[in-house]
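Just follow the structure's listing: the first ligand is 1, and inside any ligand the first atom is 1.
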Amino acid sequence: MRCDGGLRYGGDYNPEQWPVEVWREDVALMRRARVNLVTVGVFAWSRLEPEPGRHTFDWLDQVLDLLHDNGIRVALATPTASPPPWFSLAHPDALPVTADGVRLHHGSRDTYCAAAPAYRAAARQIAAALADRYAHHPALALWHVHNEYGTTCHCAHTARAFRRWLAERHGDLDTLNAAWSTSFWSQHYTDWAQVDTPRATQYLANPGHLLDFRRFWSDTLLAAYAEQRDLLRAANPTVPVTTNHVLGDWVPVDPGRWAAEVDLVAIDHYPDAVDGGAEEQTALAADLARGWARHGVRRAGSPDRPAAWLLMESAPNQIHTGGRMHTKEPGRMARHSLSHVARGSRGVMFFQWRAPAGGAERFHSALVPHAGPDSRVFREAIHLGEMLERLSEVGDAPVDAPVAIAWDAASGWALGHPGMPSPWLDHHAEVAAAHRALWRAGFGCDIVLPGDPLDGHRLLVLPALYLASDATGDWVRQHVHGGGHVAVTWLSGVADDHARVRLGGHPGAFRDVLGVRVEEFHPLADGTTVPLSGGGTGRLWAETVRLAGAEVVASYAGGMLDGMPAVTRHRFGAGTAWYLSTRPDDATYGRLMTEAARAAGVTPVCPAAPSGVEAVRRRGAGASWLFLLNHTDRPQRVPAAGVDLLTGATIDTEVRLPAGGAAVLREAVG
Ligand code: GLA
């Protein structure tokens, strides 16, 4: 970001929804809260171009000047996530079509087809007009292209683009037919014109077809982003460009693949768990974003460039949980924010600055709520601004993370396909379960994508990495053979890149490394568990595991698998490979991961931290910083020493954290 050092703080700012008097109050309040970056213009297309080709930039000129005069930088958005009504009436072919053939109409947001030439041209035009006018504005720190790319379409434009993408990927129809196993159910294609998007069909759709469509659509949206980025960059190459990814268990695009195309990875994170789960979700989201950023700089061939990422949106207060809004307790917003900063975010941004009186999201929380600045939320916003200012010295110091967890968008998509042995197979949920087990045990984790270099990662965890190419098999093999440790869970390595099952016993890609051969799956009914020897239970899944060199760590204890291996360990080359053939309960998972981590020579970040206190360490040249977050409702003591940046206090032996409180210690390094 073109920003002075320090952390960015602010959020989505929508002055187009308010009269000028409110802008003046906004800016005064932003200064009070120490806000230094706001995202402007997301969804403002109809106010910037009220009719085709007529631009009304006067209000935006005033807003940018006002912000600049007050020392507040701008992430200027291109408004292309919401074309104005005139656009859809002029270009009905650019409205999206659902899988069952219904063409949608304007009246909400995100109602366009990203493969429609008219939409792409209009998006380029409005982005170019903004670039022309603002690329050299002194307030401009960052271009924010679009918003949360993800909507899909099944129109004729999309079908044509899909066929072109498939021809490039597969070369010819024979290869496509083989990749999609089209001999099954008479789906063999003899002409490209027969291939359509996966529209609504009579019964289960083809898994290869569905998977390629997800990949194609991610690439199509990426191309739509890249053409805007290129023209923004051409207008002023010194201004970085990004777009924000929606984050949760819905993964509309492959953010890992996109990461090489952005100047910093930006995520929007709205944890939906209450009562503790939100902290784990927050830690995982931040580790994912950092992992994508690292993957991106490597993929772009610039590993020396900092792997930067930013929390672009989060909720200051209420979030939707199953339709009901859940209020964040005092202090929780700050702790979540610090958890992101601890894991490398270059700042903390919110949706949204001021709560609007009308519109679909009128009850979404805001830094300035409906009640106005005389409110708990705004006071907490001021406090957070003060805290973030005190943390600027942490900069881009790397996060200590000796454990790597593999994440793969395509495995997530493939596990969501119909015809799987259980309806509860979810790559993201399995990554979250492994991450939770390690997070609760206090270990620092990086997220990696298959094939990423494992520098310094002594333990690699593969949670339900369903798709594994031969290259992914080699990646794991080399890591373990060279002395690394790996923990592989059920459903990993079962299928190849085209979602075709690897034959000869599961997990096909990793059998030799694990020293096991899985003969049968036993999907468990919802809510049922299977006992494990030594205590604990498995849920969701069990397997008939045959040993082929591995030793048994735990067995199934009861039922048809009684006495058969459930968890195994295998020496392979100079390393060790663990296999978990079921999803252990959280406590058992934690025990197993702790054992695997210890065997790999990995220790927790702060071994003496009490349960419920999260610890993350960053290490820079000649300094280290220990973030301690007390997620409990009781005061906690943690043996540690250093200077607490949040209070300025020198801590000799023990930090006292108030209930829900935090400390960030600059540690003496010797
Ligand atoms: C997303 C969008 C925002 C807003 C928030 C609400 O992150 O980018 O425009 O809709 O969700 O949580």
- [ ] From the options Asn147, Ile267, Leu247, Val246, select the one residue that forms a side chain to side chain contact (heavy atoms under 4.5 Å, CB included) with Glu313.
- [x] Asn147
Task: Residue list, side chain to side chain contact (heavy atoms under 4.5 Å, CB included) with Arg215, at least two apart or on another chain - done: Trp165, Arg169, Leu211, Asp212, Ala410, Trp413, Leu467, Asp497
Task: Cation-pi geometry met for Arg346 and Trp309 (6.0 Å, 45°) - done: no
- [ ] Using modelled atom types only, decide if a donor and an acceptor are shared between the side chain of Asp408 and the backbone of Ser411 within a distance under 3.5 Å.
- [x] yes
Open item on the list: Taking non-hydrogen atoms within less than 4.0 Å of ligand 1, which protein residues qualify?
Closed with: Phe43, Arg109, Asn147, Glu148, Asp268, Tyr270, Glu313, Phe351, Glu361, His364
TODO: Report the residues that fulfil side chain to side chain contact (heavy atoms under 4.5 Å, CB included) with Arg124, sequence neighbours left out, ordered by chain and then residue number.
DONE: Arg120, Ala121, Glu227, Leu231
TODO: Name all residues meeting the salt bridge (Lys or Arg N to Asp or Glu O under 4.0 Å) criterion together with Glu261; count only those two or more places apart in sequence or in a different chain, and write none if there are none.
DONE: Arg229
